[in-house]
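Here's the structure we're looking at; comments come further down.
Values below: every heavy atom of this structure, side chains too, minus hydrogens, waters and symmetry copies. Just so we're on the same page: letters track the sequence lines, and every chain starts at 1.
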Number of protein chains: 2
Amino acid sequence: MGIIKKTPARIAAMEFLSLTDSPVDIEQIINYLRSKNLNTNKVTVYRIIEYFYKQGIVNRLDLQEGKFRYELAKGDHHHLICDNCSKIQDISDTVVPKLEEEINSKHKFLIKRHSLEFFGLCLNCQK
Amino acid sequence: MGIIKKTPARIAAMEFLSLTDSPVDIEQIINYLRSKNLNTNKVTVYRIIEYFYKQGIVNRLDLQEGKFRYELAKGDHHHLICDNCSKIQDISDTVVPKLEEEINSKHKFLIKRHSLEFFGLCLNCQK
DNA sequence: GTCACTGCAAAGGCTTTGCATGTAC
DNA sequence: GTACATGCAAAGCCTTTGCAGTGAC
């Protein structure tokens, strides 16, 4: 493991994750760092987020965009992704844990994690 | 739209999709075509599958492998993906439709599609 | 002073695009 | 003959890797 060094880039990246309520991608993190006058290299941001991810500090989401998004790890929840404006809403989860129990007993499959995302149109974009 | 031409590559690709019960990736399709003595270019396979996808003939799955998989479109179901041997099992879905209704009424979000995949260990790999 | 972090360049994997050629109809 | 389909080359994106230089401790 080694010692964790608190560099400006890491501190600012964590700050950004704390500030945003939607999952963010690498580019958004870079832009935030720029706004803080940190010209951090893209590769470095990848490595910072990889570190957070391996530590379990952030979740890595695959919202079928061809790239990953990240959010601070928190309780089980899912996302509503608008096809039109790309807004991402959180929804809490009550059903899936029950479903997982059923699957465990019925299929003898040991579930470690799951992905559940909903795609469609948010209220605004339905008009 | 235009006329659909039944080329050897398209016919064989559809044949392969019908034969397999697990979602397949582009490489597997190419290998099947090769086994049928069709040296189809990778780009062509991408275009064939894109065509099927846009027609609604196949579903496109993102199992977080950094690539897509495809399967013939069929009733609502989900997948159990083994982290160890990569086996993919189907499971039928009864819960999510209800969940979608709840979300529609509670969040006013119009759901068009969803992804639900479970990752863990299959029976064999738990030993 | 060490060891970890960063920057730069490059590469790797999947997918898409442009354009000329080939082929199903 | 006319579109559409294919092949080839190249590029586009996101992400990862190698290595030398920098900086936190």
Scanning both residues in full, the closest heavy-atom pair of A:Arg10 with A:Phe52 reads O-CZ, 3.9 Å
For residues 28-47 of chain A, the ring-ring contact (aromatic ring centres under 6.0 Å, His included) pairs (sequence neighbours left out) are A:Phe16-A:Tyr32
Grab the two heavy atoms, one from A:Ala9 and one from A:Leu33, that are nearest each other, plus how far apart they are. O-CD2, 4.0 Å
Could you tell me if the side chain of A:Phe119 sits less than 4.5 Å from the side chain of B:Ser115, heavy atoms only? yes
If you check every side-chain atom of A:Tyr46, which of C:dT6, D:dT16, D:dT6 has the closest atom? D:dT16
Write down the atom of A:Cys82, the atom of A:Cys122, and the distance for their closest heavy-atom approach. SG-N, 3.4 Å
In residues 56-67 of chain A, what residues come within less than 4.0 Å of DNA chain D, judged by heavy atoms? A:Gly66, A:Lys67
Side chain to side chain contact (heavy atoms under 4.5 Å, CB included) with B:Leu99: which residues, sequence neighbours excluded? A:Val95, A:Leu116, A:Phe118, B:Glu102, B:Ile103
Could you give the distance from CZ (B:Arg113) to CD (A:Gln64), rounded to the nearest 0.5 Å? 6.5 Å
Work out which heavy atom in B:Leu17 is nearest to a heavy atom in B:Tyr70; give both atom names and the distance. CD2-O, 4.1 Å
Pick the nucleotide of DNA chain C nearest each of A:Ala9 and B:Phe68; which residue has the one closer to the 5' end? A:Ala9
Atom-to-atom span, CD of B:Glu50 to P of D:dT6 - whole angstrom: 12 Å
With sequence neighbours excluded, residues passing salt bridge (charged side-chain N to carboxylate O under 4.0 Å, His left out) with A:Lys67: A:Asp25
Nearest 0.5 Å please: distance from the CD atom of B:Glu117 over to the CD1 atom of B:Ile91. 8.5 Å
Tell me: CZ of A:Arg69 to P of D:dC14, nearest whole Å? 11 Å
Using rotation axes that map the C1' atoms of four end pairs onto the next four (five pairs an end), what angle separates the end axes of the helix from C:dG1-D:dC25 to C:dC25-D:dG1, to 10°? 30°
So, taking the atom named NZ in A:Lys42 and the one named CD1 in A:Ile26, what distance separates them when rounded to the nearest 0.5 Å? 9.0 Å
Please report the distance, rounded to the nearest Å, between CD1 in A:Ile49 and C1' in C:dT6. 16 Å
Got a sec, which residues hit side chain to side chain donor-acceptor pair (under 3.5 Å) with B:Lys112, two or more places apart in sequence or on another chain? none
Please round to the nearest 0.5 Å and tell me the distance separating atom CG of A:Leu63 and atom CZ of A:Arg69. 6.5 Å
How would you summarise protein contacts on nucleotides 20-25 of chain C per nucleotide, using B for base, S for sugar-phosphate only and - for none, with heavy-atom distances below 4.0 Å? ----BS
What N/O pairs connect the protein and nucleotides 7-9 of chain D at under 3.5 Å? Give each pair on its own line.
| residue | atom | partner | partner atom | Å |
| --- | --- | --- | --- | --- |
| D:dG7 | OP2 | B:Asn41 | N | 2.9 |
| D:dG7 | OP2 | B:Thr44 | OG1 | 2.8 |
| D:dG7 | N7 | B:Arg47 | NH2 | 3.2 |
| D:dG7 | O6 | B:Arg47 | NH2 | 2.6 |

What residues form a side chain to side chain donor-acceptor pair (under 3.5 Å) with B:His107, not counting sequence neighbours? none
Between A:Asp21 and A:Lys74, does at least one N-O distance fall below 4.0 Å, as a salt bridge requires? no
Restricting both atoms to N or O, compile the protein contacts to nucleotides 11-13 of chain D shorter than 3.5 Å, with distance only.
none

CD (A:Glu15) with more than 12 external heavy atoms under 6.0 Å: yes
Expected output is a numbered-order residue list: members of residues 15-31 of chain A with a heavy atom under 4.0 Å from any atom of DNA chain D. What is it? A:Ile26
Return the minimal non-hydrogen interatomic distance between A:Ile48 and A:Ala13, and the atom names on each side. CG2-CB, 4.1 Å
Sequence neighbours excluded, the answer for side chain to side chain donor-acceptor pair (under 3.5 Å) partners of B:Glu101 is none
Just the rounded figure in Å: distance from C1' of D:dA24 to CD1 of A:Ile48. 14 Å
